[in-house]
Every structure is written in structure tokens, then in C-alpha cells.
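In what follows, a single structure is set out as C-alpha cells and then discussed.
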Amino acid sequence: KPAKSAFPIRSREAVKLRPGERVAQYLHAEFERADLKEGSRLPTVRELAVRLNVSAFTVQTVFQRLAREGRIRTQVGDGTFLMVSPRQPPRASFRIALSMPMPHPAPMADWGTRILQEIVQAAARNPRPVMIMPLEQAGLSPQDMARELMDEQAAVDALILFPPLERHADEIRAAYEKEGKPVVAINPPALNATANFVSADFYGACLRLGQVWKQCDRKRVVLVSGPFGGSVSAQLECQGLMAGLETHGRGDITFEILPVQNVQEEEGDRVISAFLESGAPTPDAVFCFGDRLALGVMRALRQRGLNVPEQVSVVGATGLDLTGTACPRLTRLDQSFRVLGETVIAMVCERIEKQGISVH
């Protein structure tokens, strides 16, 4: 017996329908398919009756009504076919759920907050009215966030999905898409994903960084990163860095991965200090999953008399504004948050208007 979903969908399928309503619901779902073409053949009356557990008379009655409305045509001896009616005019406004709460103003916004701010501003600039619906509470567990998004599903047109939902993301994405509510993800949802997400080029940027470090003869490289199982972007960064350094088959280079529990400055200080105290060779290059991790790494290195960047190159990945920090000129990947926000809004609106068709 299939396992029951932890987040049941409140959909029309959960409502007990009369036989004629079941037939009509099935056919209307066919009419709304994004890939619908003029002349698509329907199952026969007998096939539909068996599939939907209704009488042939019920199916025939619904067919006759839809034929009068011009939605289907029946050709004797050939079958019954769908007629493509003109699409409904675009909605006056879009309501878009967001898998993040609206943050309080902070002097140093993190990566997610910066993107959220740009999404809200891009929605305000959009020619069509777009209402962003963030989570109501901050500090929720991924499971509680997932439940709230499921409850919100019926009231919105689409969803913008941020990475922190971890293992619940696939279930939420599938539930929304099944109900015709398109989803656009921030960062790739999978390594092989090619559509319906917006992201910086983590692999390409780290590939180039690895090539530069190779040219500079950096041979003891450390990657300070989050758990790979929950972050596709972390995996892409690792793969790009290793490809640029050409670690495969090289015996003259060491490549260490130090997992972190969060992306704060203190955590960067903690993990690199523990690494150095373990007696491991001092790295000459450190790449950090977050800019604040990089600040902590730099602090720990300097406390041990190591010069950055002369002896140890340190690079952050999130491109934050570090004005007011101990190292505002930290080398970091450049992420255009404004472009990300505008692209997300444009993509989610396009998917709504095109009835869920994938956008690359």
C-alpha cells in the first residue's frame, strides 16, 4: 500500500463527485492541458465509462452537452475529438506564494534576504500587478514551512521555491504543479535540471576560480561548505572547483572539504581553526560557501600569523555587501541580486500565462 503523503492536498479529487461531474471534470482537465492541440482524440464512450466507473449513458450525456457548447466534435465511425476554444484572457493580477517569511530590516542582509528584497521590488515594477505572499512566520522548521505552503496552495497562482525546504521541496513542487500552479526555484532543484529555476552560474564561476588558482600554483585547497545532500549549488561549486584545479590524477594537490553547520562568521572561524589544530598542512587557498564563513576563516588565519591573500587566498560565494565588516573588500563571487529578482518574476509570470509550460 503506498505511503500516505505527510501533506495531503485539498483538491477536487478529495470531494465525492456524482458520475456526470466525474466525466465533466476529466474532460475539462483535458481542455486545460498546456500541450492541447486541435483534434486531440478522446477515449471512446465505453473506455471512459470503464475508466471513470460510470455508465455509458452518463458519458454520452456529457458528450452531447459539450458538443452543443462546441468543445468536442464527434465523427461517426472515427471517434470524438477535442476542439480548442480560445484561451481565457490573462488574469488581471497574480498571487505568488513564497517559501520564505518577509524578513525584518537588518544592517547586513543575508543571501536569501537580498534575493527576496529584489523579488518584491521586481514585482512592484512589473507591468501586471503581482502580489507576493511570503510565509507568515519566521523561524519555522522545514516541515512547518511545507505545511503552510500546502495550506496556501488553493489561494495562489504559483510558487517561488527557496532552497531551505530541503527534502520537502520535491513533494511541494509536485503538488503545486499537479494542481496547475507553476513553480520556479531559486537555484537548480537537481544537478540535471534545465528549466524552471533561476540561479547564478556556480559551476562556471568555480571552474574559473580553480583555473586561476592552478595558474597561481595553489596546491593545498580547502572547501568550506554545507552538507552536499541538501544543496545542489554546493555540489556545483565543488565540481567546478575540482575541474578547474584538475584534481583528478594530480598527486601534487590536496583538496579538503570541511562541512559546516551554518554560514555564520563564527562557524568559519571554528572549522578552519579545528582543521589547523589537527596538524593538517596549512592551506594556501580556501573557498567558502558563504561570504560570512569567509570572514571567519580570514580572522582565524590572521590570528595565526598567516597573511591573506599573500599566503592564503580566501574567496566567498554569495556576493554580499560587506560594508562595515572587518574585510569589506573580500574576494567573492559576483551575484546580481537585482537581475535574479527580475528574472524570477518574469519567469513565474510567463509560466502562469502559458498555463504551466516549462521555461528555460
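Heads up: numbering here begins at 1 and tracks the sequence.
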Self-check item: Separation of L161 CG from M145 CE (nearest 0.5 Å)
Solution: 8.5 Å
Quiz item: Could R338 and E342 be called an ion pair, given the rule that one side-chain N must be under 4.0 Å from one carboxylate O?
Solution: yes
Quiz item: Backbone N or O of S199 within a donor-acceptor pair of the N187 side chain at under 3.5 Å?
Solution: no
Practice problem: Tell me whether I172 is reachable from F197 by hopping between hydrophobic residues (I, L, V, M, F, W, Y) whose side-chain heavy atoms are closer than 4.5 Å. | Solution: no
Exercise. Before giving the answer on side chain to side chain contact (heavy atoms under 4.5 Å, CB included), spell out for S225 and F287 the whole-Å C-alpha distance, their side-chain angles and the decisive distance to 0.1 Å.
Key: CA-CA 8 Å; S225 184; F287 180 77; over 6 Å; no
Practice problem: Output the distance between atom CD1 (I357) and atom CG (N196), rounded to the nearest 0.5 Å. | Solution: 10.0 Å
Quiz prompt | Under 3.5 Å: donor-acceptor pair, side chain of E350, backbone of V359 | solution = no
Quiz item: Do I119 and I186 touch side chain to side chain, with heavy atoms closer than 4.5 Å?
Solution: yes
Quiz item: Transitively linked via ILVMFWY side-chain contacts under 4.5 Å: V198 with I352?
Solution: yes
Exercise. Without swapping roles, check the side chain of K181 against the backbone of V156 for a donor-acceptor pair under 3.5 Å.
Key: yes
Self-check item: Co-membership, hydrophobic cluster, residues V339 and F202, 4.5 Å side-chain
Solution: no
Quiz item: Quick one: does R220's side chain have a donor or acceptor within less than 3.5 Å of a partner on T282's backbone?
Solution: yes
Quiz prompt | Hphob cluster co-occupancy, V297 + V312, side-chain heavy atoms under 4.5 angstrom | solution = yes
Practice problem: Going by the salt bridge (charged side-chain N to carboxylate O under 4.0 Å, His left out) test, name the single residue among R218, K219, K214 that passes it with D252. | Solution: K219
Quiz item: Under 4.0 Å between a Lys/Arg side-chain N and an Asp/Glu carboxylate O for R173 and E177?
Solution: no
Self-check item: Heavy-atom donor-acceptor pair, E267 side chain to Q264 backbone, under 3.5 Å
Solution: no
Quiz item: Looking at CG of L320 and CZ of R114, how far apart are the two atoms once the value is rounded to the nearest 0.5 Å?
Solution: 8.0 Å
Quiz item: Which distance, rounded to the nearest 0.5 Å, do you find between the CE of M298 and the CD of E265?
Solution: 10.0 Å
Quiz prompt | Pairwise side-chain contact, T113 with Q117, heavy-atom cut-off 4.5 Å (strictly under) | solution = yes
Quiz prompt | CZ on F94 to CD1 on I345, rounded to 0.5 Å | solution = 10.5 Å
Self-check item: Donor-acceptor under 3.5 Å (R304 side chain, A300 main chain)
Solution: yes
Quiz item: Donor-acceptor pair, S273 side chain versus R270 backbone, under 3.5 Å?
Solution: no
Exercise. Evaluate the side-chain proximity of S231 to L236: yes if any heavy-atom separation is below 4.5 Å, no if none is.
Key: no
Exercise. To the nearest 0.5 Å, tell me how far D291 CG sits from T318 OG1.
Key: 3.0 Å
Quiz prompt | Heavy-atom donor-acceptor pair, E152 side chain to L98 backbone, under 3.5 Å | solution = no
Quiz prompt | Side chain S99, main chain F162, donor-acceptor under 3.5 Å | solution = yes
Quiz item: Would you say R351's side chain and V183's backbone share a donor-acceptor pair under 3.5 angstrom?
Solution: yes
Practice problem: May I ask whether V130 and V184 are part of the same hydrophobic cluster, defined by side-chain heavy atoms of I, L, V, M, F, W, Y residues being less than 4.5 angstrom apart, directly or through others? | Solution: yes
